[in-house]
Amino acid sequence: MNRRHFIRTSATFAAGTAFSSCRGTSGNPIHFEVHGPGDGLPLFLAFPLFASYAEIFGPEQAVVKEDFLERLTDRYRVLLADYPNVGRTNTPPPAEMTPDRVYSDLLSVADAAGFDRFAYCGHLWGAVNGLMLASRSDRVSALICGTWPPLGAPYADMLRGVELQLAEPPPHAMVILRDPGQYAQWHTFYLGMQDWDEEGAVAAITCPRLALIGSEVESAVAGIPLRLVERMREARPALEGMGWEVREIPGAETGAILDAEVMVPEMRRFFV
């Protein structure tokens, strides 16, 4: 049955903005917003940005989302979702948070937003999802895989780190999660990525594609360094041989992924 048969959407529209919800493939309501002109180029702006950003992180952080929208909505119709299971989106059982479920949920959101084909930009976990969407469907017109190496990615390290933190999730995770038990969704997800055919999937992506990372990015899980910059540099020759553009932003640290002044020029340059 076509995915669209599962969609149930209600929306209110004002000043070019749609506030909506849809049901994912297992019936879980997912909240999303669409901002910008109706004829703008569709852009799915994914994790770590959310529709209910200020509600999740506090009103003083509202400027993060607002800065991105202010710099993008003259040209793009921007889709933001409260995903994975944060903000106004309900929480499904953590054992259901498989890669297949995430892939299907995100396409359900795109369907409900009226995004048949769309550019996609995500960082870290959001970049992993972009790789899945672009390799398994023809819906992604252009992809920015941010702060995550498309090849040689640390899926095994992520799983090991999550396992070490299951009993006591880290404080930064609890900022967005509703209760400690929800953290187990990451175990489900990364366990499901262990047998992913990374090289085959990345080779299957044919849309314009950019691997983007700050030169000073540092990231770790449970004290395990992820070596994201080093891994990106190691993968660069193979990625460029597959037709990827690979770019390091000089001097940019991990926090730059939430800095519109740094990121939006990269997006506007790439998403023509």
Side-chain angles (χ1 to χ4, degrees), residues 41-49 76 79 98-100 102-107 110 115-159 189-219 221 225-252 254 256-257 262-272:
L41 298 173
L43 169 59
F44 198 148
L45 193 54
F47 182 96
L49 290 167
Y76 303 98
L79 170 60
T98 64
D100 283 347
V102 172
Y103 168 82
S104 296
D105 278 353
L106 292 176
L107 285 186
F115 279 29
D116 190 30
R117 297 196 79 226
F118 50 89
Y120 180 99
C121 178
H123 292 266
L124 299 169
W125 185 75
V128 179
N129 298 335
L131 293 170
M132 288 197 295
L133 290 171
S135 64
R136 295 176 58 179
S137 80
D138 61 358
R139 304 280 296 274
V140 179
S141 60
L143 169 67
I144 293 181
C145 178
T147 322
W148 189 261
L151 290 175
Y155 297 109
D157 287 340
M158 289 300 302
L159 178 62
F189 181 83
Y190 284 109
L191 184 63
M193 293 298 296
Q194 297 308 299
D195 58 357
W196 192 50
D197 179 10
E198 180 187 68
E199 185 172 353
V202 172
I205 300 173
T206 58
C207 67
R209 48 219 183 270
L210 168 65
L212 180 67
I213 196 166
S215 66
E216 306 304 314
V217 161
E218 294 182 4
S219 188
V221 57
L226 298 179
R227 300 180 52 253
L228 298 179
V229 176
E230 292 87 344
R231 290 173 185 270
M232 187 78 83
R233 291 171 180 168
E234 291 164 2
R236 184 168 194 157
L239 288 169
E240 291 179 338
M242 292 179 175
W244 284 73
E245 178 183 347
V246 181
R247 171 159 164 71
E248 276 189 32
I249 304 174
T254 310
I257 63 179
V262 174
M263 288 298 156
V264 171
E266 300 290 340
M267 295 163 66
R268 294 183 71 104
R269 176 191 68 81
F270 184 71
F271 292 141
V272 295

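Every value quoted in this text rests on a predicted model; they were computed, and no experiment measured them.
- Under a 4.0 Å N-O distance rule, the pair Arg236/Glu248 does not qualify as a salt bridge.
- Here the shortest heavy-atom pairing between Asp195 and Gly192 reads OD1-O, 3.3 Å.
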Would Trp125 and Val102 count as a side chain to side chain contact (heavy atoms under 4.5 Å, CB included) here? Give the steps. CA-CA 11 Å; Trp125 185 75; Val102 172; 3.9 Å; yes
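- When side chains are defined from C-beta on, Leu151 does not count as touching Trp244, because their heavy atoms never get closer than 4.5 Å.
- Across all non-hydrogen atoms, the minimal contact from Arg247 to Pro250 is NH2-CD, 4.3 Å.
- Counting only distance, with no hydrogens or angles, the side chain of Tyr120 and the backbone of Gly126 share a donor-acceptor pair below 3.5 Å.
- What you find for Arg233 and Ser215 is that their closest heavy atoms are NH2-O, 4.0 Å.
- In this structure, Glu218 places its CD atom where only 12 or fewer heavy-atom neighbours from other residues, nucleotides or ligands lie under 6.0 Å away.
- Separating the CD1 atom in Ile205 from the SG atom in Cys145 is a distance of 7.5 Å, to the nearest 0.5 Å.
- A distance of 7.0 Å separates CZ of Phe271 from CG of Leu143, quoted to the nearest 0.5 Å.
- The backbone N or O of Val217 sits nowhere less than 3.5 Å from a side-chain atom of Thr254 that would complete a donor-acceptor pair.
- Across all their heavy atoms, Pro225 and Asp157 have their closest contact at O-OD2, 4.2 Å.
- Formation of a donor-acceptor pair under 3.5 Å by the Glu198 side chain with backbone atoms of Ala153 is found in this model.
- A heavy-atom distance below 4.5 Å is found between the side chains of Leu228 and Leu124.
- To the nearest 0.5 Å, atom CG of residue Leu210 and atom CZ of residue Arg269 are 6.0 Å apart.
- For the atom pair OG1 of Thr206 and CG of Asp138, the computed distance is 9.0 Å after rounding to the nearest 0.5 Å.
- Without hydrogens or angle criteria, Arg209 side chain to Cys207 main chain gives a donor-acceptor distance under 3.5 Å.
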Apply the test side chain to side chain contact (heavy atoms under 4.5 Å, CB included) to residues Leu107 and Met132: give CA-CA distance (whole Å), side-chain angles for both, the deciding distance (0.1 Å), then the verdict. CA-CA 11 Å; Leu107 285 186; Met132 288 197 295; over 6 Å; no
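- Within the 3.5 Å criterion, the main-chain N or O of Phe118 finds a donor-acceptor partner in the side chain of Ser141.
- In this structure, the side chain of Ser135 does not engage the main chain of Val202 through any donor-acceptor pair within 3.5 Å.
- Distance CD1/Ile144 to NE2/His123: 7.0 Å, rounded to 0.5 Å.
- Here the closest non-hydrogen pair linking Glu266 and Val262 is CG-O, 3.7 Å.
- Checking side-chain atoms of Arg139 against main-chain N and O of Phe115 turns up a donor-acceptor pair under 3.5 Å.
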Leu212 vs Met267, side chain to side chain contact (heavy atoms under 4.5 Å, CB included): CA-CA, chis, key distance, verdict: CA-CA 10 Å; Leu212 180 67; Met267 295 163 66; over 6 Å; no
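- Between Trp148 and Tyr155, the gap from one ring centroid to the other is short of 6.0 Å.
- By the 6.0 Å contact criterion, CD on Glu199 is open, its count of non-hydrogen atoms from other residues, nucleotides or ligands being 12 or less.
- Arg231 contributes a side-chain N or O that, together with a main-chain N or O of Leu226, makes up a donor-acceptor pair within less than 3.5 Å.
- Looking at Leu41 and Val272, their side chains never come closer than 4.5 Å, going by heavy atoms from C-beta outward.
- Minimum interatomic distance between Leu106 and Asn129 (heavy atoms only, all atoms of both residues): CD1-CB, 3.6 Å.
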Could you walk me through whether Cys121 and Phe270 pass the side chain to side chain contact (heavy atoms under 4.5 Å, CB included) test, one step at a time? CA-CA 11 Å; Cys121 178; Phe270 184 71; over 6 Å; no
